[in-house]
Amino acid sequence: MLFRLLIVAACLTLPGMAQATDTRAGGKLVLTEGVSSVEGSAGGGLANWALIAGNETEDGIGGNLHATEVLLPDYKLTSVGGAVGWRDRIEISYVHQVFDTRTAGVALGLGQGFIFGEDVFGAKLRVAGDAVWDQDRWLPQIAVSVQHKRANRAAIIRAVGGKSADGTDFLLSATKLVLAKGLLVDATLRLTNGNQFGLFGFGGDRQAARTAQFEGSAALMVTPRLVIGGEYRTKPDNLGFARENAAYDVFAALAVGHHATLTAAYTDLGSVATFARQRGLFLSLQGSF
Amino acid sequence: MFCASVAALLLSLQAAPDMTPAGEQPVAPYAHANANADGVPFRDDHMWRAFHGAIGVARVIDGMIDRSLTDPRISDIFKGQDITRLRRTLREQFCYLLGGGCTYTGRTMQEAHRNMGIQSADLAALVEHLQAAMQTEHIAFTAQNRLLAKLAPMKRDVVKQK
């Protein structure tokens with residue numbers, strides 16, 4: 001009897017398993033996977049979006065690799081990372097950030113070209129909605145994310161008032177393409193105590209706990225391959241020694257073929273470690289499958 | 001009574017092929033209704049004019065289908081399908097939705113794609129070809145997106161439901 005039940009169970013589950021392994025690459029419309037955000041997740045550059053990384057649909061696995069450079073008057077931020085998207089449902093991402101203090105390092109007493117580094121491990125789950133195809137519904141695509149960040153300069157972080165070199169952000173994102181207007185909008189709530197994205201640790205002498213921060217984007221499709229837009233992202237102001245401001249950018253993202261996206265932006269990160277007006281060029285190249 | 005019914009049935013079966021437009025294969029009978037187009041038409045004819053009317057829409061449909069038939073990702077889906085009928089019903093559907101005042105005589109999107117096993121990636125490939133065909137016809141980008149927004153929700157009926 002048990003044997004018979006097992007056979008019946010196998011017959012019921014095997015076709016499902018066969019279907020599960022029969023994956024298919026590609027299938028997202030051009031630019032509807034977003035680009036790599038500074039934290040490695042699919043987004044707009046500064047902001048995390050509810051879209052899942054990679055070209056895949058619910059039938060497959062996709063992913064991307066990216067390299068980003070942000071050239072500021074007194075600093076340079078370089079990030080390299082990748083993400084995997086599973087069935088347009090789950091995203092796993094990783095990025096390594098290198099923050100070069102260049103000559104500012106001397107003024108800060110750290111030394112010429114002192115480097116702050118950070119690793120960000122991200123996971124995102126799409127919980128509802130379809131940003132792209134459900135054009136008859138207002139329900140946006142909604143995703144929850146967690147980003148665990150590990151900065152590498154614990155001693156300096158503590159010396160300037162930071163509470164920890166490690167931290168975890170929790171995010172709730174809503175993204176919708178209003179196709180009839182060629183407009184994509186995103187709004188994300190981030191619970192974080194990260195100082196300058198976490199590069200200067202988590203929590204500080206002014207504020208230790210996580211606070212709710214907002215990040216949002218609006219983008220307009222100019223041609224099927226070109227999107228222009230702007231982003232805004234608030235940040236906590238935890239450290240007494242240096243004020244931290246909201247960041248914003250204006251960007252253009254160009255799809256090159258089916259597998260590459262080039263993003264160029266003018267970004268303003270505000271004051272960073274007492275050096276004001278950190279505005280400059282953001283360049284990012286993403287390859288995806 | 002029985003014989004009369006059989007005779008009526010035979011007559012109706014014979015009559016069916018006569019209803020089939022020239023060059024098309026007969027299909028099982030179904031109720032005709034504009035509602036089968038699965039979309040609410042644009043209010044006036046300005047989208048129809050943006051698509052250059054009947055001639056422009058015919059070129060867009062042909063451009064989309066011809067590209068699809070030679071695309072190895074999706075060409076197999078069209079094998080054994082009545083392409084003549086597909087071109088006609090798509091012209092009618094686009095005309096109806098774009099405010100061109102046509103009557104749609106095709107089946108619903110769910111009926112027309114039943115058991116075809118179409119995946120999201122197949123539909124995305126078709127949309128790419130539609131976009132390319134609209135570009136070739138020099139349809140304004142804003143008009144392209146307005147039509148795509150109207151077609152996009154059909155995905156729920158076209159793609160196999162899990």
- Note on the structure: Whatever's closer than 4.5 Å to a heavy atom in chain B on A:V222 counts as backbone
- Message: Determine whether B:R156 and A:D130 satisfy the following criterion, salt bridge (charged side-chain N to carboxylate O under 4.0 Å, His left out), listing intermediate values before the conclusion.
- Response: CA-CA 11 Å; B:R156 288 194 290 269; A:D130 185 319; over 6 Å; no
- Determine, stepwise, if the pair B:D66 / B:R87 fulfils salt bridge (charged side-chain N to carboxylate O under 4.0 Å, His left out). CA-CA 10 Å; B:D66 294 344; B:R87 288 182 205 270; 3.0 Å; yes
- Item | Closest-packed option against chain A by number of heavy-atom pairs under 4.5 Å, given B:L123, B:L147, B:L151, B:T142 | B:L123
- Looking at B:A125, B:A143, B:A121, B:G39, which makes the most heavy-atom pairs under 4.5 Å with chain A? B:A121
- Query: Would you say the side-chain atoms of B:D122 pair up with the backbone N or O of B:Q119, donor to acceptor, closer than 3.5 Å?
  - Reply: yes
- Task: Verify, without hydrogens or angle tests, whether A:Q135 (side chain) and B:A152 (backbone) share a donor-acceptor contact under 3.5 angstrom.
- Result: no
- Message: Within the structure provided, determine whether A:L171 and A:Q147 are in side-chain contact (heavy-atom separation under 4.5 Å).
- Response: yes
- Heavy atoms, side chains only, cut-off 4.5 Å: are A:R233 and A:V38 in contact? yes
- Message: Please evaluate residues B:R59 and B:D62 with respect to the criterion salt bridge (charged side-chain N to carboxylate O under 4.0 Å, His left out), reporting the C-alpha separation (whole Å), side-chain torsions for both, the decisive distance (0.1 Å), and the verdict.
- Response: CA-CA 5 Å; B:R59 279 194 291 254; B:D62 287 344; over 6 Å; no
- Residue from A:T32, A:T57, A:D88, A:L177 scoring the most non-hydrogen pairs under 4.5 Å with chain B is A:T57
- Query: Do you know which of A:K181, A:H258, A:E56 has the most heavy-atom pairs with chain B at a distance under 4.5 angstrom?
  - Reply: A:H258
- Within residues 183-190 of chain A, residues adjacent to chain B where the heavy-atom gap is under 4.5 Å: none
- Message: If the threshold is 4.0 Å, N to carboxylate O, is there a salt bridge linking B:D44 and B:R49?
- Response: no
